[in-house]
Structure formats: C-alpha cells, structure tokens
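Read through the structure below, which is laid out as structure tokens, and then see the notes.
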Amino acid sequence: MIVDCDPGHDDAVALIVAARHAELLGVTTVAGNAPITATTRNARIILDMIGSTVPLHQGAERPLVAPPRHAEYVHGESGLDGAELLEPSGPADSTNAVEFIIETCRKTEGVWLVPTGPLTNIALALRAAPDLAKRIAGISLMGGGTFGNRSAAAEFNIWADPEAAAMVFDYGGPLKMCGLDVTHRLQATPERIAKVRALPGHMAAVLADLFDFFSKVYVSRHDNMRGGAVHDPCAVMVLTHPELFTARPHHVTVETSGALTTGMTLIDMRGLIERLAPNCDVTWEVDADAAFSVIVDSIAAFSR
Ligand code: BDR
Ligand code: CA
C-alpha cells in the first residue's frame, strides 16, 4: 500500500500499523491537519522513529478549489503537538507525490492507496493517469460518515477538499470508506493509552504522549467521548485485519455545493430494489478492543 497522509496524531498511528502489517511501498503527504511543510516533516519524524526508509514524497500544498484550511484546534500548530519529537533526519525524497503514486501503481500491480487526509493527491493522480483506476487494487480512505466533525454535516478530510473527494468517490474502482460512524467507536480511552505507556522503549512513551494530547482535545470538546477517535488506522486495518470490521456496500456521493452541507458524504441507505449501484464499501462496526490491540502490538514491535 501507499499511505497518503497529513500527520496528524492518528495518521502517525496509521503509518506505524501500515509499516508493521502491510507492505508499505511509500508515504505521500498532503496539506490538511497542518500546512504541507509540517505534515511532511511529521511524516519523516514518524518514519525515522520506526526506522523506516520507504520513500517519502511531498504532495499538494492546497486543495483543488477550496482554500487551504487546517485543524490546529485538534492537532496543535505543529500538526503533532503533545510530545517531544526528534528533529527529522532530512526532507522528503521529492515534492512529486502525485508522480510517485502514478509510477508506483504502474510498476506494481494491485497497490492499495490509503488516504488518511484530504484527497487532493489521489484526485490529481487519478486525473493525470486514468489508467490507475484499473491498475490499483483499490482505495481505502478515512473520511465522511453519516455525521460530521468539521461541520454538522461534513467530516474534516472530505470538507477540506470536497472536489477531490467527489472525484475519488466517482473513480469507478474498489473503494472502502472508514467514516466517523466507525472511527468514533475506536477511542483512545485512558485504559487503552495506559497499555501503550506500559510498553518498553522511548517510542512507546512518545506515542502515549501523543495519544494523551489528542484524547484531551476530544474529551474537552465532546460531551460523550472518553478518548480521541483513532480515525486513520481504521483505513489501514480494514485491509490488514478485515475480520475486525463490518462493512456494507452503498452508493455514496459527496456534496460540493451545499449552503450548509459542503463536504457531506451522502450515503444512500434506502432499501429500494431499484437504486444506484453501490460504489463504496462503507464500514460501520469495529471490534474496538481487538483493533486497539493491533495498534499496541504495532507500537511494541518498533519501540525499544
Ligand atoms: C480526520 O481528520 C483529521 O483530523 C484526522 O487525522 C483524520 O484523518 C478525522 O476527521
Ligand atoms: Ca488524517
């Protein structure tokens, strides 16, 4: 897989799970939670932390149409606030993420693209290379849901670049979506964070600090959450550990021009016999304890 991300606390965890449980061909970055220089820097820091030398390529610095807007209110100004992180070992290998995605998917059959940020790079790759739609195994994304977080209707990744998201939901190949309906079921509760903190090694302590920061933000902003929603690893684990998730096929479209609903994923849940063919496997349920154990084990594998 290629993970296309905007680290981001939960993106960082997604990278660690991907490095542990998938054949990670490379990492690409996109502006989202923080500006592109910060998300790329953060991706390099995480790859350094796990000793990964996979290619890292920087991508889009802004959405296709929407203005660049970030999520410092969740992830802090750096995109990865809350822990003492080492300086990155170097910059990205290039600023051509889209080219890297295209070349890798042409060279290797059956790649999964796993976007965990706004869908700008993926949309640009599909537009520049329409053949990818048939070459890749599919796209497994974190985004959307029947409710929003950035607005009442829209989840952040889709809201940040709705035009790109609309292109991706329309691309015609296998598509898996882990939206807020499932990711809010996987919360980094104090008990779960304690399991990370109990692991040996410096990296586990850093991850526990990151979880603490992220969870404090969520708990302070919601009246019914016991920890941060661990969104992005779901898009990885739905591929590496499908038995932990329940999904159903639906037709999903993205609202790009609503007065109140821009960035909403409209999931057709009507039980009509005559309905639009599904274009997306929507994930609804997760075995949260088992999924968090996968996360803890993945961190343990790299922490020393
Ligand atoms: C998504 O937005 C970001 O804050 C997270 O990294 C996740 O990808 C959740 O809405
Ligand atoms: Ca993200």
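We count ligands from 1, going down the list as the structure has it; atoms in each ligand are counted the same way.
Angle OD1(Asp6) to the Ca ion (ligand 2) to OD1(Asp11), rounded to 10°: 80°.
Taking the Ca ion (ligand 2) as reference, Asp232 places its N/O/S atom OD2 nearest.
Atom OG of residue Ser78 and atom NE2 of residue His75 lie 10.5 Å apart, to the nearest 0.5 angstrom. Distance check, rounded to the nearest 0.5 Å: OG1 of Thr39 to CG of Leu80 gives 10.5 Å. To the nearest 0.5 angstrom, Leu15 atom CG is 9.5 Å from Met49 atom CE.
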Are Asp10 and His231 close enough, and set up right, to give a side chain to side chain donor-acceptor pair (under 3.5 Å), and what steps lead you there? CA-CA 6 Å; Asp10 52 329; His231 309 279; 4.7 Å; no

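The distance from the Ca ion (ligand 2) to the nearest N/O/S atom of Thr116 is under 3.0 Å.
Between the side chains of Asp170 and Asn279, no donor-acceptor pair is found at a separation under 3.5 Å. A donor atom on one side chain and an acceptor atom on the other are not found under 3.5 Å apart for Thr189 and Gln187.
Although no hydrogens or angles enter the test, the distance criterion places no donor-acceptor pair under 3.5 Å between the side chain of Thr283 and the main chain of Cys178.
Taking only nitrogen or oxygen atoms, main chain and side chain alike, Thr116 reaches within less than 3.5 Å of ligand 1. Residue Asn33 has at least one nitrogen or oxygen atom sitting less than 3.5 Å from a nitrogen or oxygen atom of ligand 1, judged on distance alone.
The distance from ligand 1 to the heavy atoms of Asn149 drops below 4.0 Å at these ligand atoms: 9 (C), 10 (O). Close contacts of ligand 1 with Asp232, meaning ligand atoms under 4.0 Å from a residue heavy atom, involve 5 (C), 6 (O), 7 (C), 8 (O). Every atom of ligand 1 is numbered from 1 in the order shown, and the set under 4.0 Å from a heavy atom of Asp10 is 5 (C), 6 (O), 7 (C), 8 (O). Each of the atoms 3 (C), 4 (O), 5 (C), 6 (O) of ligand 1 lies under 4.0 Å from some heavy atom of His75. In the vicinity of Glu155, heavy-atom distances shorter than 4.0 Å reach the ligand 1 atoms 1 (C), 2 (O), 9 (C), 10 (O). Interface of Asn157 with ligand 1, defined as ligand atoms under 4.0 Å from a residue heavy atom, comprises 1 (C), 2 (O), 7 (C), 8 (O).
Under the 4.0 angstrom criterion for non-hydrogen atoms, His9 is not in contact with ligand 1. Residue contact annotation: Val74 has no non-hydrogen atom under 4.0 Å from ligand 1.
Under a 4.0 Å N-O distance rule, the pair Lys195/Asp297 does not qualify as a salt bridge.
Other residues, nucleotides and ligands contribute only 12 or fewer heavy atoms inside 6.0 Å of the CZ atom of Arg270.
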